[in-house]
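Here's the structure, in structure tokens; my notes come after.
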Amino acid sequence: MTAEYKVHGSVAVITMANPPVNGLGLATRQGIVDGLGRANADAAVTSIVITGAGGAFSGGADIKEFGTDKSLQEPNLLSVIAAIENSAKPVVAAMHSVAMGGGLELALGCHYRIAAPGCSIALPEVKLGLIPGAGGTQRLPRVIGVEAALNLIVSGEPVKSEMIAGVPGQKLFDKMAASAESLAAEALAFAQSVADARPLPLVRNLPCKHPEGDAYFQFARNMVKGMAKNFPAPAKCVDAVEAATKKKFAEGMLVEREIFINLMWTPESRALRHLFMAERAASKIPDVASDTPKRDIKLVGVIGAGTMGGGISMNFLNAGIPVKILEMKQEALDRGVATIKKNYEAQVKKGKLKQDKYEQRMALLSTTLSYDDLKDCDLIIEAVFEEMGVKEAVFKQLDAVAKPGAILASNTSTLDVDKIAAFTKRPQDVVGMHFFSPANVMKLLEVVRGKETAKDVLATVMAIGKKIKKTSVVSGVCDGFIGNRMIEQYSRQAGFLLDEGCTPQQVDKAIEKFGFAMGPFRMGDLAGNDIGWAIRKRRAVERADMKYSRTADKLCELGRFGQKTGAGWYDYQAGKRDAIPSDLVNKMIEDHRKELGITPRKISDEEIVQRLVFALVNEGAHILEDGIASKSGDIDMVYLTGYGFPIHRGGPMHYASEVGLFNVVQAMDRFAKNPLDDAAFWKPAPLLAKLAAEGKAFQ
Ligand code: NAI
């Protein structure tokens with residue numbers, strides 16, 4: 001049952017009942033149409049109320065129907081709205097909690113609307129690269145005015161019902177209920193009061209004009225141009241609303257439909273819809289049931305108050321969870337706490353955090369020099385130096401003091417979580433929680449699943465990740481986990497490109513034009529080139545056969561570690577972050593080429609982008625094959641939230657599927673023939689080769 005039908009006296013009530021948000025799936029749509037039919041056929045019924053069960057009126061399209069043709073099957077949403085408008089008896093929408101997207105469009109088709117306070121009103125389609133497709137752009141301006149409607153449609157952001165109700169002249173709500181609790185009774189009474197009203201009012205018949213006409217729409221277009229870089233949908237919202245003001249309703253509806261269908265086929269909308277689904281899917285672990293009981297996390301311990309420990313602590317304080325930080329020396333503790341304070345004070349100064357909130361958060365923070373004080377912690381996250389010996393000492397002490405059932409997590413970025421777990425007698429309670437720097441800002445959390453990590457530990461860490469507003473992605477144990485394992489190949493390609501003829505600025509510019517937040521060389525300067533240097537030194541021992549460009553080593557030998565040393569691939573002026581091309585570095589690269597006997601060639605931006613991105617893709621395919629990531633969408637989420645991959649491209653694996661895996665493999669074959677590149681790397685991962693041969697995409 002996804003829409004219930006009941007008669008209360010002379011009022012029929014149709015209740016959408018499709019948890020969690022009464023998405024307008026096929027069965028719900030059919031249920032509404034059937035209910036309207038029954039009510040109109042029943043002589044005892046004089047009016048009809050449509051409402052939603054549980055915590056929503058309706059959240060709009062049913063995401064279970066995404067990517068299927070069920071959403072188009074009759075009755076589609078347009079037909080449902082037509083059935084409401086054509087009802088001979090008045091239909092009243094009783095709105096509460098959430099009325100978004102198709103849910104709001106359905107309410108706009110009703111003859112009357114009554115809303116509870118606190119109901120979130122939104123048309124969020126733009127966030128999926130679309131515009132509303134069931135009359136939202138044509139009806140909303142008619143009830144709240146052109147400017148207010150366009151703001152809502154372009155931003156996709158929710159507004160509370162009481163805010164709209166307070167706007168003079170608004171016609172979205174015919175009545176506001178006194179409270180959510182009284183809505184049902186008030187809706188019944190209202191429906192009775194309009195039982196005999198004829199003709200029935202329709203939003204489509206209301207006028208729609210903006211007093212400044214073209215001038216206003218010109219202004220609106222300029223506004224969205226600035227904010228909608230890389231995405232066509234916001235500008236199309238303006239076109240659709242403009243049509244509402246210039247065309248008859250039915251013609252405006254056709255304009256809206258055409259724009260909607262065209263946007264559905266854009267790569268940008270496909271990328272956003274992929275992101276929407278991938279984000280939800282990332283929280284699901286194939287062999288861990290969603291109802292797995294979770295451990296209670298009331299107190300978090302953090303070991304190490306350095307760069308990462310401080311940021312990690314702030315996440316929990318922000319979520320209202322008390323944190324106890326442990327350090328080796330009082331000075332280190334003081335320094336760590338001072339940095340946390342400084343970060344919060346900066347937020348207070350910018351008006352982003354209220355003083356009392358700041359004080360509340362600091363009150364949740366305590367410090368210690370003694371492991372004994374961690375015995376009450378439910379989750380302990382280690383963020384000490386990246387050395388196995390140091391981790392060993394820490395985990396042995398934790399094993400001795402932590403209470404049974406406490407989760408012991410490591411923030412290691414490179415070390416083997418299984419080895420760390422083996423330092424304890426409770427490997428089932430050990431997990432990796434790989435935060436990204438700055439840990440209080442970056443969205444990504446790689447949850448590293450050791451071979452013995454218990455399922456309820458994973459479920460708990462994923463839930464806590466959600467609580468601290470992270471995008472959590474599960475990774476298996478391997479060197480670099482998902483993100484850094486892939487970035488190593490990307491960086492290797494960036495090095496080869498320098499050897500072959502590029503400058504750092506040419507490479508950065510090409511990939512930034514593609515949409516990356518930062519190219520590899522600016523990124524290296526920001527993170528510190530010494531990190532990659534240390535990894536390459538390790539690799540030289542572990543995998544002496546691995547080919548890589550020595551240019552980055554030469555840069556580090558000059559002490560040019562990046563912004564922190566005032567010089568890296570670029571020059572930096574004191575206190576500034578602007579990357580200034582360096583003659584010294586460019587000469588260093590040229591000299592290196594001469595030493596190798598390389599005649600530089602001109603390399604196109606297209607080749608630069610393909611080599612960098614396909615390097616990610618091929619390693620990503622290996623990661624899928626090795627079972628380090630369970631789905632390609634997880635890899636995309638890592639890159640979108642942790643590595644500045646352009647959102648409108650949907651992540652490396654989605655992008656490769658859009659380009660066509662066959663085309664990707666062909667390009668890789670070309671790169672393999674380049675004697676200055678690494679032919680072994682460009683051999684397509686077996687999964688990639690198989691999918692390309694079968695004409696399939698990554699799943
Ligand atoms: P850091 O050097 O800034 O801080 C480490 C802190 O741990 C220092 O304050 C030190 O006094 C303390 N410490 C060392 N041994 C300790 C012990 N036995 N007991 C208690 N405290 C001890 O290092 P950072 O950058 O915060 O890195 C910490 C961990 O996070 C490392 O495992 C690193 O690989 C990882 N990581 C670092 C990222 C980064 O961008 N810095 C990103 C992701 C992970």
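Computation of the quantities below employed the complete heavy-atom set of this structure, encompassing side-chain atoms and omitting hydrogens, waters and symmetry-equivalent molecules. Since the model is a prediction, treat every value here as computed from it, not as a measurement. Indexing begins at 1, ligand by ligand and atom by atom, following the structure's order.
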Non-hydrogen atoms of [X] versus ligand 1: any pair closer than 4.0 Å?
X      : value
Phe435 : yes
Lys391 : yes
Ala383 : yes
His434 : yes

Could an N or O of ligand 1 be found under 3.5 Å from any N or O of Asn411, whether backbone or side chain?
yes
Is there a nitrogen or oxygen of Ser413 sitting under 3.5 Å from a nitrogen or oxygen of ligand 1?
yes
Quick one: look at [X] and ligand 1, take heavy-atom pairs under 4.0 Å, and tell me if it's side chain, backbone, both or neither.
X      : value
Leu415 : neither
Glu387 : neither
Ile303 : side chain

Determine, for [Y] and [X], whether the Lys NZ or Arg CZ falls below 6.0 Å from the six-membered ring centre while staying within 45 degrees of the axis.
X      : Y      : result
Arg280 : Phe276 : yes
Arg649 : Phe514 : yes
Arg492 : Phe681 : yes
Arg550 : Tyr548 : yes

- request: For the residue pair Val585 and Leu555, establish whether any side-chain heavy-atom pair is separated by less than 4.5 Å.
  value: yes
min-distance protein heavy atom vs atom 26 (O) of ligand 1 -> Met308 N, 2.8 Å
Taking the minimum heavy-atom distance to atom 22 (C) of ligand 1, which of Leu369, Thr339, Val384 ranks first?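 When every heavy atom of Leu369, Thr339, Val384 is considered, Val384 comes closest to atom 22 (C) of ligand 1.
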